[in-house]
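Beneath this line is the structure, given in structure tokens, with notes to follow.
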Amino acid sequence: MTAAIATKQLPYPSSSFEMVHCSRCCVDWHENDGILLKEVNRLLRDNGYLSIQLHVFIDYPLIWDKLVNLTSAMCWKLIAREVQTAIWVKPENESCLARNAEMKQINICDTVVDMKPSWKTPQRNCIPRRSAQTNSQKLPPRPEHLSVYSEHLRKIGARMCFL
């Protein structure tokens, strides 16, 4: 996926990707109550990864603290941090989100089944509840699932290619 993230949802259905990577990233993930992180959360499958490479981890500890607070409120687990790279994994279980919503750490919104591209759809500053339809494709264990193409992307006509 290559895309610019701004005020509209990226044009992909929810749970379309297993990993989002931002290299030499200049995205202000911590701004606007973490709305851009919430968009990444929408796009990631359960147990999906966000990998970010940027200098703020070293140069701006206050921004790092905000990023950690936001990802913790979203129940993401920081699994690696090395110099300028950090990797989080999105949880499969929603119990943490429900608990954090009760403590007013995160906003939960109603599920919108978006099995089609989300062109011109405004971003939502909340974490949607999962629906059975959104996460219908169960993947085999790693590494076998690396060759399984997302049913969501297939339905919108996206094709798999290997370089």
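All of these numbers come straight from a predicted model, not from anything done at the bench.
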Salt-bridge criterion met for Arg99 and Glu102 (N-O under 4.0 Å)
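Salt bridge: no.
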
Please identify each residue that fulfils side-chain contact (heavy atoms from CB on, under 4.5 Å) with Ser23, with sequence neighbours left out.
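With neighbours one apart ignored, the set is His21, Gln53.
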
Minimal non-hydrogen separation, [X] against [Y], with atom names:
X: Leu70; Y: Gly34; value: CD1-CA, 3.8 Å
X: Arg45; Y: Ser15; value: CG-O, 3.2 Å
X: Pro128; Y: Glu94; value: O-OE2, 4.2 Å
X: Leu36; Y: Val27; value: CD1-CG1, 3.4 Å
X: Leu67; Y: Trp29; value: CD1-CB, 3.5 Å

Any chance you could measure Ile127, atom CD1, to Leu97, atom CG, to the nearest 0.5 Å?
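Interatomic distance, Ile127 CD1 to Leu97 CG, rounded to 0.5 Å: 6.5 Å.
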
Calculate, to the nearest 0.5 Å, the distance between atoms CG and CZ belonging to Leu10 and Arg42 respectively.
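The CZ atom of Arg42 is 7.0 Å from CG of Leu10, to the nearest 0.5 Å.
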
Are side-chain heavy atoms of [X] and [Y] found at a separation under 4.5 Å?
X: Leu37; Y: Trp76; value: yes
X: Glu39; Y: Leu43; value: yes
X: Cys75; Y: Asn100; value: yes

Kindly say whether [Y] contributes a backbone atom to a donor-acceptor pair with the side chain of [X] at under 3.5 angstrom?
X: Ser16; Y: Tyr12; result: no
X: Gln105; Y: Ala73; result: no
X: Lys77; Y: Pro91; result: no

Geometric cation-pi criterion Arg81 and Trp64, 6.0 Å radius, 45° cone:
yes

Distance-only side-chain donor-acceptor flag, Lys38 / Asn125, under 3.5 Å:
yes

